[in-house]
Number of protein chains: 2
Amino acid sequence: MEHPHLALVVDDEPQMLDIVTFALETQGFASVSAKDAESAWSLFRNRRFDLVVLDVMLPQSSGLSLCRRIREVSAVPVLLLTAKSGVQDRIAGLEAGADDYVTKPFHPRELALRAEAIVRRTAVAPAPVELVHGPLRVGQDAATVHGRYLHLSALELRLLRRLASAQGQPVSFRDLLLSGWQIDEGPGGREMLKTALYRVRKALHGEGMPRAIRAVRGVGYELPHPGRD
Amino acid sequence: MEHPHLALVVDDEPQMLDIVTFALETQGFASVSAKDAESAWSLFRNRRFDLVVLDVMLPQSSGLSLCRRIREVSAVPVLLLTAKSGVQDRIAGLEAGADDYVTKPFHPRELALRAEAIVRRTAVAPAPVELVHGPLRVGQDAATVHGRYLHLSALELRLLRRLASAQGQPVSFRDLLLSGWQIDEGPGGREMLKTALYRVRKALHGEGMPRAIRAVRGVGYELPHPGRD
DNA sequence: AGTGAAGGTCACAGGGCTGTGACCGAGCGT
DNA sequence: ACGCTCGGTCACAGCCCTGTGACCTTCACT
């Protein structure tokens, strides 16, 4: 017997939480609630969810910001709840990686059916993609230069992967911190980042790619395409 | 410009190595040679190959045994070289996870074209499968019980995955050592395995699955289906 | 019941990873 | 040229992972 899908529902209004969780449960979901982004994030990191239902308007930290954080580490479906007038929110939401949205007020049945449809489509996690950058290839579990494995820790690999995915464009400190540590910028963050990237550079240097990573002062770092100075 | 595919060619006959590597290079492959299983394994672990061409008859350690070791950690295409009379070898080779075979003597062009075809089909690594075992779900990067993440190291996760993939059947010490450490049985192996599985059991116990892993005396361990005693 | 082998438990030690703080060099603005 | 900020380098310390060895418990055989 299959276990029910588990949804994380994030909204600061208790009545809305009740409506959403009830609608989902009539469709066979189990659900856990959070009333702000921080507690939602904490729950998300400790349990495995099949769906996240997320109000855009959250206190202190935007629902979209939470959506981005989630997207950095997971392909879990995200369903946004937006206000009727929030056209820009809806566009921003899809750009932040949400899969769908429902506009308030909504019929609970519609939400439940949309949730069910999204989860049904999420049958298999997408195949991990290998990023190619000149002689550098960065997969999900390892990276190589000219076919030779780099000796990198998991943290270092995440950072290198983020740089490679930018296709030669600069990546901000903030994005790198998000990718490497799943945190927003704060004190000490850049110091950790400096050292971690130093270690990645050493590994690249050891396999014949010195000076691959370049600092962009005040912005972040980049992995320029080969042949560019 | 795309880099050439890199092949690992394993054969104990120098003349055969020359024939194979020359044939592959005419098809645009780069190649590295090994004359026995151990040196091949060492090369394989340190570089990333797009293809392995593997003679079945190797000194000291069978080519099939090497094929199995490779398959434990990689989906890289494997092309076997077999003797004309080796029907059972060929069947055993496919069962060991090889993708294709070429029978000696062979036309170098045929080998090259088969190699090219295999590599062309290997476009994307298969999506990682999540194994479900009652309330336990074991993915490639994490495992959960009732949706709650288990705190496991990479080694522990590999072992749990191996047990879960056996669908309630016992898994031998040898298979567990292969999955966890990529080694054959030797002195001290079972001691490490005992301790590592002890740590996995502790984690399962902490999330509500005590006694999940059961020893099968003299054979190995199993993860029986729930409801069986 | 006794014995020996196999499995379970546990703590210790070593190595690797990671965050931190200090120091030095480079770059930019004045 | 100078000063300040930002980036690079490095070593240290703490934590986690892992292999090992010792000891205890359990099980199977006689």
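Reminder, nothing fancy here: chain letters follow the sequence lines and each chain counts from 1.
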Please state how far atom [atom1] in [X] lies from atom [atom2] in [N], giving the value in whole angstrom units.
X	N	atom1	atom2	result
B/Leu152	D/dT18	CG	P	10 Å
B/His151	D/dT18	NE2	C1'	14 Å
A/Leu197	D/dC10	CG	P	16 Å
A/Arg214	C/dA26	CZ	P	17 Å
B/Arg201	C/dC10	CZ	P	12 Å
B/Leu177	D/dT18	CG	P	15 Å
A/Arg190	D/dG8	CZ	C1'	15 Å
B/Leu157	D/dC17	CG	P	12 Å

Contacts of [X] that satisfy side chain to side chain donor-acceptor pair (under 3.5 Å) - sequence neighbours left out:
X	result
A/Asp36	A/Ser39
A/Arg48	A/Asp50, B/Glu130
A/Thr144	none

> Does a side-chain N-to-carboxylate-O contact under 4.0 Å join A/Arg211 and A/Glu222?
Replying inline: no
> OP1, OP2 of C/dG8 versus side-chain N and O of B/Tyr221: anything below 4.0 Å?
Replying inline: yes
> Do you know which of B/Leu163, B/Leu159, B/Asp175 makes side chain to side chain contact (heavy atoms under 4.5 Å, CB included) with B/Tyr221?
Replying inline: B/Leu163
> Does A/Glu156 or B/Val219 map to a spot on DNA chain C nearer the 5' end, using the closest nucleotide for each?
Replying inline: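 Going by which nucleotide is closer to the 5' end, it is B/Val219.
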> Which letters describe nucleotides 19-30 of chain D, given B = protein heavy atom under 4.0 Å from base, S = only from sugar-phosphate, - = neither?
Replying inline: BBB-----BS--
Run the side-chain donor-acceptor check on residues 200-208 of chain B: report pairs under 3.5 Å with partners two or more places apart or on a different chain.
from     : atom 1 : to       : atom 2 : distance (Å)
B/Arg201 : NE     : B/Ile213 : O      : 3.1
B/Arg201 : NH2    : B/Ile213 : O      : 2.9

> Who are the ring pair (Phe, Tyr, Trp, His ring centres under 6.0 Å) partners of B/Phe29, not counting sequence neighbours?
Replying inline: B/His5
> So which one's nearest nucleotide on DNA chain D is more toward 5', A/Tyr198 or A/Gly218?
Replying inline: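 The residue whose closest nucleotide sits nearer the 5' end is A/Gly218.
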